[in-house]
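When a ligand or atom number is given, it counts from 1 through the structure's own listing order. All figures in this text were calculated on a predicted structure; none of them were measured in a lab.
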Amino acid sequence: MKQSAMFIPTLREVPADAEIRSHQLLIRAGFMRQNASGIYSILPLGKRVLAKVEKIVREEMDRAGSSEMLMPTLQLAELWQESGRWSSYGPELMRFNDRHSREFALGPTHEEVVTSLLRDEVKSYKKLPLNVYQIQTKFRDEKRPRFGLLRGREFIMKDAYSFHATKESLDKTYEDMFEGYRRIFSRCGLDFRAVIADSGAMGGKDTHEFMVLSDIGEDTIAYSDTSDFAANIEMAPVVANYEKSSEDAAELEKVATPDSKTIEDVSKALNIEKEKCIKSLLFKVDEEYVLVLARGDHEINDIKVKNYLEAKDIMLAPANEVKDIIQCEVGSVGPINVKNVKVIADNAVEYIVNGVCGANEDGFHFTGVNPGRDFQADYADLRFIQEGDASPDGEGIIQFARGIEVGHVFKLGTRYSEAMNGTFLDENGRAQPMIMGCYGIGVSRTMAAIAEQYNDENGLVWPKQVAPYDVHVIAVNVKKEEQTEVASALYNTLQDQGYEVLYDDRAERAGVKFADSDLIGLPIRVTVGKQAGEGIVEVKVRKTGESFEAKVEEIPELIEKLLEQ
Ligand code: ATP
Ligand code: MG
């Protein structure tokens, strides 16, 4: 493509509202423009990257046994009412009325549409399993659209749905799709982890998120430094390999701790390590109050508490309610002789010897506290994993990293088929709800995540599999005929050989051309300049900055080699 004819509006300045590298560079290099908050036009260069990501996605989905289709973006409210999500989805769902006042939504995801489609067409176990996908624009009225394509209100998603007669069949497809996702993100050049995610009531094995490692990611991942283990920190189980210290049990004693409100305060005031302090927080769980204990140096994980209690809602009890229930300030709450509340504790608490806890009396704590002797509790894994903890798979030590969720695979089970009457007849002629899986990839988010991992101070540095073009041919001075002749001949030759070439034939200064070329970030640049007459050009590798002179007739061979590296 000749650059003079292509719409690539590059910018020298950093756009004011773009906080992160990928967002800044995709705007500056002319890959996209914002129309409104979270809404973008993808310009020609951006479209080429998207197309390449989509091609990889399609190839791997087909290989995993999913077949492409296209469902409507406009979705009838009735379907969402059947599933119950018309009321539960919240303001992210973009709703509108048609001219007959019928209610619709712009699709944020397609479980309802696909379930209604299949339930009318698939009647027998003989037709299962089925696995379909689409690549389509999705709409979510996000509260905080930000970071460009990473969190848009209109974005491109690949969503797949599978339908099964048996759990084993779902397990098999889940594995195939999981493997497909691995291949997709590897082929995109991304540094990522497949992470065990929160699936609410379902077990941890039933959903994974694919996270691109990046400091600007919104999620924290706990991963093993030596094995494959990785989990969202909300989900990572903690192994209870604690040990009791061998000191003798002391007597329980009530001590004054005026002005000590936090674990920090108490540990300083009493000169006792935080590990010996028993953190006691009152939670309101559904309609019940529950006192949750953890070691002072640990954090209580409310998702684990919620899952352990099989609860719907959980929140910290407000200070006034603590006062009503336990008759003291938040900072003095403790498990000894506490009334009217259930007491549960993280496993580590059971191993504390001669600890400290609140005395349920303002300004007082107990010392010499020994769990079992001084109070009873139910023990479970209720805390957040920490860096330095043992990895739950028994291999290595836990470290933290930030991640961007680019994909999500999920065993839905019968959540939708039951609500929407999506049944089939099994071998015995009995009606059963279809068992479902769903599998999403943020295609536009993936493009931004690649840009986030592949850039330097001068611009984008695309990996070749997703680069908008393979080669950037630059004619330094288009007024010099020998330069344009050599450059356009090279442009034609390379294209004939199957390379994708962007040819900068613009009447611009050399400095502008080079700066634009660095910004755009194609893998290889061939500069045709002063030595064109002698058949000598300059080759530059974007990734390494390495550059050298070469004879023009050697270029095709060189490019083949360089692209292989
Ligand atoms: P998030 O937690 O980031 O809001 P989600 O878990 O709600 O995402 P899913 O419903 O799992 O998202 O959607 C499948 C995929 O679509 C996600 O893994 C993500 O890559 C992508 N995605 C979701 N929301 C957005 C968005 N607002 N902008 C761009 N991509 C998105
Ligand atoms: Mg998700």
Report yes if some N/O of S444 lies less than 3.5 Å from some N/O of ligand 1; otherwise report no. no

Got R85 and E111 here, is their nearest side-chain heavy-atom distance under 4.5 Å? yes

Sub-3.5 Å N/O-N/O distance, V406 and ligand 1: yes

Measuring only between side-chain heavy atoms, which start at C-beta, is L76 closer than 4.5 Å to R102? yes

Best match, E405, R153, H408: closest heavy atom to atom 18 (O) of ligand 1: E405

Y469 ring centre to R48 NZ or CZ under 6.0 Å, with the angle to the axis within 45°? yes

With V406, the side-chain contact (heavy atoms from CB on, under 4.5 Å) member among I184, V212, V443, I441: V212

For the Mg ion (ligand 2), which N, O or S atom of E405 is at the shortest distance? OE2

The option among R140, M157, K143 carrying the non-hydrogen atom nearest to atom 10 (O) of ligand 1 is R140

Check: E218 N/O within less than 3.5 Å of ligand 1 N/O: no

What about F210 and H408, are their ring centers closer than 6.0 Å? no

Run the numbers for me: atoms of ligand 1, each under 4.0 Å from some heavy atom of L150, listed by number. 28 (N), 29 (C)

Which atom name does H408 have for its N/O/S atom nearest to the Mg ion (ligand 2)? ND1

If you take all heavy atoms of A29 and L460, which pair is closest and at what distance? CB-CD1, 3.9 Å

Are W462 and F31 near enough that their ring centres are under 6.0 Å apart? yes

Would you check whether D159 reaches within less than 4.0 Å of ligand 1, judged by its heavy atoms? no

From E387 CD over to I397 CD1, what is the distance, rounded to the nearest 0.5 angstrom? 11.0 Å

Taking the six-membered ring of W86, is the NZ or CZ of R95 close enough (under 6.0 Å from the centre) and on axis enough (within 45°)? yes

For E142, take its heavy atoms, then give the atoms of ligand 1 lying under 4.0 Å from any of them. 24 (N), 26 (C), 27 (N)

Decide, counting backbone as well as side-chain atoms, whether E209 has an N, O or S atom less than 2.8 Å from the Mg ion (ligand 2). no

Considering both backbone and side-chain atoms of G440, is one of its nitrogen or oxygen atoms within less than 3.5 Å of a nitrogen or oxygen in ligand 1? no

Looking only at non-hydrogen atoms, the one of F155, Y439, F147 nearest atom 24 (N) of ligand 1 is F155

Of all the non-hydrogen atoms in the protein, which one sits nearest to atom 1 (P) of ligand 1, and at what distance? R151 NH2, 3.5 Å

Suppose we measure from atom 28 (N) of ligand 1 to each protein heavy atom; which comes out shortest, and what is that distance? G152 N, 3.1 Å

With a cut-off of 4.0 Å, which atoms of ligand 1 are near a heavy atom of L149? 29 (C)

Judged by modelled atom types alone, do R402 and T220 share a side-chain donor-acceptor pair under 3.5 Å? yes

Using modelled atom types and a 3.5 Å cut-off, is there a donor and acceptor pairing between side-chain atoms of R33 and backbone atoms of I27? yes

Heavy-atom nearest neighbour of atom 15 (C) of ligand 1 within options G148, G407, G442: G442

